[in-house]
Every structure is written in structure tokens, then in C-alpha cells.
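Please read the structure below before turning to the comments.
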2 protein chains.
Amino acid sequence: MAGGASRQGAENRTSRAVRADAQRNMDALLQAAATVFAASGVNAPMRQIAAEAGVGVGTLYRHFPQRSDLIVTIMRREIDVCAEAARVLSSEHAPAEALARWMQRYVDLVSTKRGLAAALHSGDPAYEPLPVYFEKRLKPELRVLLDNAVASGEIRADIEVDDLVIAVPSLCMSAQGEEGLARARRMVALLTDGLRRSAP
Amino acid sequence: MAGGASRQGAENRTSRAVRADAQRNMDALLQAAATVFAASGVNAPMRQIAAEAGVGVGTLYRHFPQRSDLIVTIMRREIDVCAEAARVLSSEHAPAEALARWMQRYVDLVSTKRGLAAALHSGDPAYEPLPVYFEKRLKPELRVLLDNAVASGEIRADIEVDDLVIAVPSLCMSAQGEEGLARARRMVALLTDGLRRSAP
DNA sequence: ACCTGAACACCGTTCAAGT
DNA sequence: ACCTGAACACCGTTCAAGT
């Protein structure tokens, strides 16, 4: 809930300091940016994002002075959604199945969003917070999924969380286009299957 | 000597088919692109490159319809120069010293040229020939340097060429700015020192 | 045969005018 | 307090006119 791009949270003095229309615009902007980034990549025209949100370009620049501000915000959200998916999957599926499904969800995060990989090791200091957040937010969720699956006796007990966190992006590195993505999915599925115990 | 971007080497039927001014322009363009890329990165304005070469933009586009065509051509040249440097260093220095100096030259190639790293694993099919060329051209030269140094008894005999080829780009991955470059240099120097035999 | 550069389309960014 | 969008600067790309 910390105030996006602004370092001093001036708008935090009271909740009502944020005008209703400003909040609506902010939401529309984030929604639009997510859609446009997914469709056209993170270098999509700012005008297109503003139009998709039904907002003037000036408003976009007011909220996100730098393109990287918008990208970082969106990517944090994507990471959040992926992290939350772990909880949902946990509540809806048996432990091993929840783990398997989340691994595919993790593939989505890394390979569908063209911006993440680029931002993660672009070296541009503007993206510095992303890798940290990526690790901090995702690893704990995976650990829970893994612990549950191990506790249920469905999968092996000798798996390191770090290995899985690293393995997925590695397998997705070469994932170019539809075919590459499909291959990455198969590799991750194979890997996940390998986690299951041979002897129950 | 194969004709750059053009697949059919129409200009190869006779050497005289290339007009003298066209050749001069081509040379000027390559020279200018190398300078501008080094100074401003591979996304520098096309106009700036044309101006630096003292040529109209149309001429630039005639020779290199896509920006990637220009980048690939320049990068191949940079790789060539780096490969040739191995011969020169070999003839001017003792084997181990030649190897050590070339390793630093290799650092230059990977980290100074902002375009190479980006192009090497951008996934854009336009850059597809680069990684292959990179490997094919550099590895044999390094092998010779290494063999010479081993034969002279100055360094250990159990070093894999592949390991060194990979190690340098890896160490340069995190090299951002002056300070990062300096660190990468120290790491590579350290590594190179490690190659020397403890007992003569 | 090759070159030039004006011309067009498009994008980033700002800021005076509005509400 | 916030929003709009015309306006400006700049860049990619083409192509009619030149030599």
C-alpha cells in the first residue's frame, strides 16, 4: 500500500486526501497498462495506455513520470497475483496438484510477461527493486506449497525451494514464441512429475 | 566478405560492380555506427549515424534496411577484431601474458559494447546469427592461446576452453557502469592468475 | 547506379487552460 | 486538487528528385 512512485507519502495524511476520480483513474491506468503490456510488450506507446484507460496522457505522466515507474508497479502486481494464486490453489486442490498447477502459473509469470525477464536483469537501476521483491514474495509461497505436498506424503522430501525458484526461469529463458512456451511448460511439468514419490 | 545484409550477392558478379563512392559510403557508415554505438548505445538515432558518416539517411537505409542489420554487421566486426587481437598479442608477448591480455580484451568486447549482451540473448530472431558467430570465431583463438601457454609450461594443463569462454561473460553480467567494469576486470585478472602453475 | 533530404507518420513529454 | 489534450521536439522510414 506504500504510495507507488512518490517517496514521501503526502497522500497518506488522511485517506480522503485522494479524490475519488483520481483513485478511479489510477485503477483504470493500472488495468490498462497490464492489458497493453501483455498484448504489445512493455515498450507500448504511452498514448495507447492512456487511451485504453480513457484518460489524458497528462494524467498518466502525473502518476508515473517514468515508464519504468509504471512497469515496476505493474510487475509488482503481477508478482502479487502469482503469489496469491498459491493460496487459492492450495485451498482448491490436493497438495501435489496445487504445487503442480502453481508451477505452471509461475511459468506464465516469467514467460508471458515480456517485461519481467527484461527488467529482472536489465541492470537499469530503475528496476532495482523488482528482483528483490520477486524473490521475497514468491519464495515463501512456494515453500508452503512444497511443505504441504511433502507433509501429505505425495512428493519427495529432499527438494530445495531455491532450486525450484531458479529452475523455472532457467527453463523459460529459451522460450520464444508459442512453441517455446509450450516446450517450457512440458519441461516444467516433467520436472514437477519428478517430484512425486516413486513409492507411496 | 559475404555481402552483409543482402542474401543474393548480386554485387559479387564482378568486383567493379560496386561503385567507388558506394564503397566509401559503406565504410564511413560502419565506422560511424561503431563510434555512435560505443558512445550512445545501439538504440542511437539513425540520423545521428548518417550524419556522423556524412551521408544521407536514405543511404543508411539502403545499406541496412533494419537496425538489426547494422547491429549484426558491427558486432560481427567487433568479434572479428577481438579474434584477430589474439594473433597480435601472441606475436608480441610471452604465451601466458598474451593470454592474460587477451582475456581483458575479451572483457572489453562483452561489457563495453552495450549491444552485444542485449543482442546475444534478446531472443529476437534477427540476431540469431550472432551467438553462433561469437562462439565459432572466438573459441578457436582462445584455444590456441591456451595451448601455447600450456606448452610453454607457464600455466596449468587442466583448463577447459569452454569454461573460460563462458566465465568472462558471466563475470561481466553484473558489470554496470565504471565501477562494475573495474570489478569485472579484477575478477577476470584474478581468474587468469589462477591459471598460472604454482610449481614451475 | 546510387545518393540526398524533404516529407510524413508517430511517439515522448510538457504545460496552459479547464473543471 | 486534479484532469485534458494541443503543442513541441524528436525519431523512423519512404520516395521523388537529383547526379
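Lettering of chains follows the sequences in order, A, B, ..., and the numbering in each one begins at 1. On a predicted model such as this, the values are computed, not experimentally measured, just so you know.
At whole-Å resolution of the value, CZ in A/R62 and P in C/dT14 are 13 Å apart. When the C1' atom of C/dC2 is taken as reference, atom CZ of B/R24 falls 12 Å away, rounded to whole Å. Across the protein-nucleic acid pair, A/L70 atom CG and C/dT13 atom P stand 12 Å apart, rounded to whole Å. For the pair A/H63 NE2 and C/dT13 P, the computed distance is 17 Å after rounding to whole Å.
When the shell of 6.0 Å around CD of A/E128 is examined, it contains 12 or fewer heavy atoms from other residues, nucleotides or ligands. By the 6.0 Å contact criterion, CZ on A/R143 is open, its count of non-hydrogen atoms from other residues, nucleotides or ligands being 12 or less. For A/Q104, the CD atom sits in a packed shell: over 12 heavy atoms of surrounding residues, nucleotides or ligands are nearer than 6.0 Å. Within a 6.0 Å radius of CE in B/M46, other residues, nucleotides and ligands contribute more than 12 heavy atoms.
Note: B/S40 OG to B/E52 CD = 9.5 Å, rounded to the nearest 0.5 Å. The CZ atom of B/R77 sits 13.0 Å away from atom CD1 of B/I79, with the distance rounded to the nearest 0.5 Å. In this structure, A/R76 CZ and A/R137 CZ are separated by 9.5 Å, a value rounded to the nearest 0.5 Å.
When only modelled atom types and interatomic distance are considered, B/Q66 and B/S68 share no side-chain donor-acceptor pair under 3.5 Å. Using modelled atom types and a 3.5 Å distance limit, the side chains of B/Y61 and B/D69 yield no donor-acceptor pair. No side-chain donor-acceptor contact under 3.5 Å links A/D27 and A/Q31.
In the hydrophobic clustering of ILVMFWY residues, with side-chain heavy atoms under 4.5 Å counting as a link, A/V144 and A/V161 come out apart.
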Distances under 3.5 Å only, N/O to N/O: pair up the protein atoms with those of nucleotides 16-19 of chain C.
none

Identify the pairs formed between an N or O of the protein and an N or O of nucleotides 5-12 of chain D at a distance under 3.5 Å, and give each distance.
residue : atom : partner : partner atom : Å
D/dG5   : O6   : A/G58   : N            : 3.3
D/dA7   : N6   : A/R47   : NH1          : 3.4
D/dG12  : OP1  : B/R67   : NH2          : 2.4
D/dG12  : OP2  : B/M46   : N            : 2.9
D/dG12  : N7   : B/R47   : NH2          : 2.6
D/dG12  : O6   : B/R47   : NH2          : 2.7

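Stem analysis of DNA chain C (at least three stacked-register Watson-Crick or G-U pairs, each with both distances under 3.5 Å) gives C:4-8 with D:12-16, C:12-16 with D:4-8.
The side chain of A/N25 contributes an N or O atom lying less than 4.0 Å from OP1 or OP2 of D/dC3.
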